[in-house]
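For reference, the structure discussed in these notes is given below.
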Amino acid sequence: MRQTLAEKLIESHLVAGTPEKGSEIALKIDQTLTQDATGTMVYLAFEAMDRPRVQTELSISYVDHNLLQTDFKNPDDHLFLQSAARKFGVYFSRPGNGICHQVHLERFGHPGKTLLGSDSHTPTNGGLGALAIGAGGLDVAAAMAGQPFYLTYPKILGVHLAGSLPDWVSGRDIILELLRRLTVKGGLGYIVEFYGPGAASIDVPTRATVANLGAELGATTTVWPSDENTRFFLHAQGREEDYTPLSADEDAVYDQVIFLDLSTLEPMIACPSSPDNVVPVREVAGKEVAQVIIGSCANSSYRDLMMVAGAVEGKTAHENISLEINPGSRQVLENIISNSGLMKLIQAGARVQSPGCLGCIGVGQAPASGTISLRTFTRNFPGRSGTKGDQVYLCSPETAVAAALTGRITDPRDLGDYPKITLPEEFIINDKIVIPPLEDTTGTEIIRGPNIKPFPDFGELPDRFEARVILKVKDNITTDHIMPAGSEILPLRSNIPAISRFVFQALSPDFAERAEAEGTVAVVGGENYGQGSSREHAAIAPRYLGVQVKLVKSFARIHKANLINFGILPLTFINPDDYGQIAEGEIIAIEGVRERVLGGAVEIPVQIGEKKIMTSLDASERQRRILAAGGLLNMIRQEG
Ligand code: MIC
Ligand code: SF4
């Protein structure tokens, strides 16, 4: 009945709320995934919820981010995660098996199922027709405990595809074109749904690339239909029985529609330092490049690496280029080995790494100062690569390999014959690196090395508070700004007191000391505050330091949910000009706040010195109870 696919997926999982755009709904979650950098907190929270075993159809714990073992911290986390998986009935994908989203797509993704993951690129599995959503760890822990996932029913942005992709143009260019048009906040409050005759020409790995990067639009998720391409891919994965055809109704009505003729697309590139700073490759062609990396959950599939192998066959990477390959999964690696792709890459001089996130989250692979690095990664936020003042460009594997060969940014269409890849009828499959859950978990114990610190306790929301504004920031602040990652900070993810020292490190190096000296503090921000990753550490660590309120022009979806989950009041300016009324150093006072929050007040008056401004609290009745309790964990403990 004129339904989009996203609406069908939502309504088949609706357990509470009315199916109306903009209202709060609750969805049954079939599958969950975690990765190590967010996962330790998830399992600590799950443990605190006191449930013996996960209640989902399938829950899986991946280790892909913190693979570097320079001391005990990361291996402590791995051991903790493996033992927690054994205790709680969770699959465990061992370190080196690959990036969560890629492995999930290959082995577990399921058309028509809901998947909640503690990573912002969880929508990757929308490439298979799943409703796959990224969330904060506490929401994932709650889903593992059998609770539904609460969200605002998003609007649906239909992308109508016609035609087919020209040679040397790939999925990455589809989403780069959308990022160029819509920007990093264009997808806020939307699910992006692909449909139309052009969709049939797009294979599942390409769909997954597009769905993955829909996260950079700020979208709740991205969905593709489940069709013959999906059947083919699942068959090649030895699990055709998981196939179900799914699509929108012929006359489905979208809230907004974008028409895209695939045959008119050309190679695109995101310039430093935002994924939406997109131009056609030819506009920046000729710039000298020092590093090319093909990898990350966006672009490291068998298709991507075999295409690169085909392009470098018999050639050598330019002498000034470090060509680095990060396979998305062990399956990708095994299959490119068996189809001679690895040999071609190695002979071309590529440095082939073990499957994982690696340089995408600043764990190794930092570029040299003052040089250009071309990457097929997801994000090029300033400094994320580990090098100050970095110049990271994001592009397709096609554009990346062209630069690897010429030493300069090059339109890949200049390379000649396109090594078009056909997916194998059957992939080599090896599930031995994934440990299935035990039927009977009695006697299993969680192993907690010294890197695993208990979850901090937070108090309830007080009746009134005063908070000094110790930081005022501009638009599009990312969670990488709030809580940086990288090889030195990531190993502290299981230790909130230690990681909190790095909050806002680049923007305000003494933020932690100033916050602690004040006791209760506030942060003021612009539009799309907290975009990017799902890391709830960007909420927990500030809360630990005494941040009680964030007052901004608008919030990114996951960050706002995380703030509520950890008891930080997320207020927005009713009149955006009031942003100019507040200066760093001023004190914000809110009277009767607890009563207002619990009483459902949408408008919250805020006193700033002599001035009074009106702010808005856009929160459901449930979220208000969470805020009053001082966070979701407190509420679950109170309400059972
Ligand atoms: C990212 O790409 O930013 C991350 C690292 O995968 C994050 C999760 C995290 O911070 O652990 C994400 O995308 O959610
Ligand atoms: Fe890992 Fe990068 Fe993907 Fe995040 S975006 S999950 S760091 S590969």
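Each ligand, and each atom within it, is numbered from 1 in the order the structure gives.
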*Check whether any heavy atom of Gln35 sits under 4.0 Å from an atom of ligand 1.*
yes

_In this structure, does ligand 1 have an atom that sits under 4.0 Å from one of the heavy atoms of Ile361?_
yes

Do any N or O atoms from the side chain of [X] and from the backbone of [Y] form a donor-acceptor pair under 3.5 angstrom?
X	Y	value
Ser274	Asn277	no
Ser554	Asn528	yes
Asn451	Asn495	no
Ser118	Gly39	no
His537	Arg493	yes

*Determine whether Val503 and Val547 make a side-chain contact, defined as any pair of heavy atoms from C-beta on separated by less than 4.5 Å.*
no

*Ion pair present between Arg181 and Glu177, side-chain N to carboxylate O less than 4.0 angstrom?*
yes

*asked:* Salt bridge or not between Arg535 and Asp480? Use side-chain N to carboxylate O under 4.0 Å.
replied: yes

Indicate, as side chain, backbone, both or neither, the part of [X] found under 4.0 angstrom from ligand 1 when only non-hydrogen atoms are considered.
X	answer
Arg384	side chain
Asp119	both
Arg379	side chain

Name every donor-acceptor pair, under 3.5 Å, that has one atom in a side chain of residues 133-141 and the other anywhere in the protein, sequence neighbours excluded.
unit_1 : atom_1 : unit_2 : atom_2 : d
Asp139 : OD1    : Asn565 : ND2    : 3.1
Asp139 : OD2    : Asn565 : ND2    : 3.3

*Specify whether Tyr43 and Phe88 have parallel, tilted or perpendicular ring planes, treating 30° as the upper limit for parallel and 60° as the lower limit for perpendicular.*
parallel

Looking only at distances, can you tell me whether any N or O atom of [X], backbone or side chain, sits closer than 3.5 Å to an N or O atom of ligand 1?
X	result
Thr38	no
Arg493	yes
Ser118	no

*For Ala37, take its heavy atoms, then give the atoms of ligand 1 lying under 4.0 Å from any of them.*
11 (O)

Among all protein non-hydrogen atoms, which one is nearest to [atom], and what is the separation to 0.1 Å?
atom	result
atom 7 (C) of ligand 1	Ser533 CB, 3.2 Å
atom 5 (C) of ligand 1	His65 NE2, 3.3 Å
atom 10 (O) of ligand 1	Arg535 NE, 2.6 Å
atom 13 (O) of ligand 1	Ser120 OG, 2.6 Å

*Which residues satisfy the ring-ring contact (aromatic ring centres under 6.0 Å, His included) test with Phe108, sequence neighbours excluded?*
Tyr91, His104

*For Phe427, check ring-ring contact (aromatic ring centres under 6.0 Å, His included) against everything at least two apart and list the hits.*
Tyr302

*Between Pro484, Cys360, Ser534, which one has a non-hydrogen atom sitting closest to atom 14 (O) of ligand 1?*
Ser534

*Residue from Val210, Val223, Leu217 passing side-chain contact (heavy atoms from CB on, under 4.5 Å) with Val192*: Leu217

*Return the set of protein N, O or S atoms whose distance to atom 1 (Fe) of ligand 2 is under 2.8 Å, each given as residue and atom.*
Cys357 SG

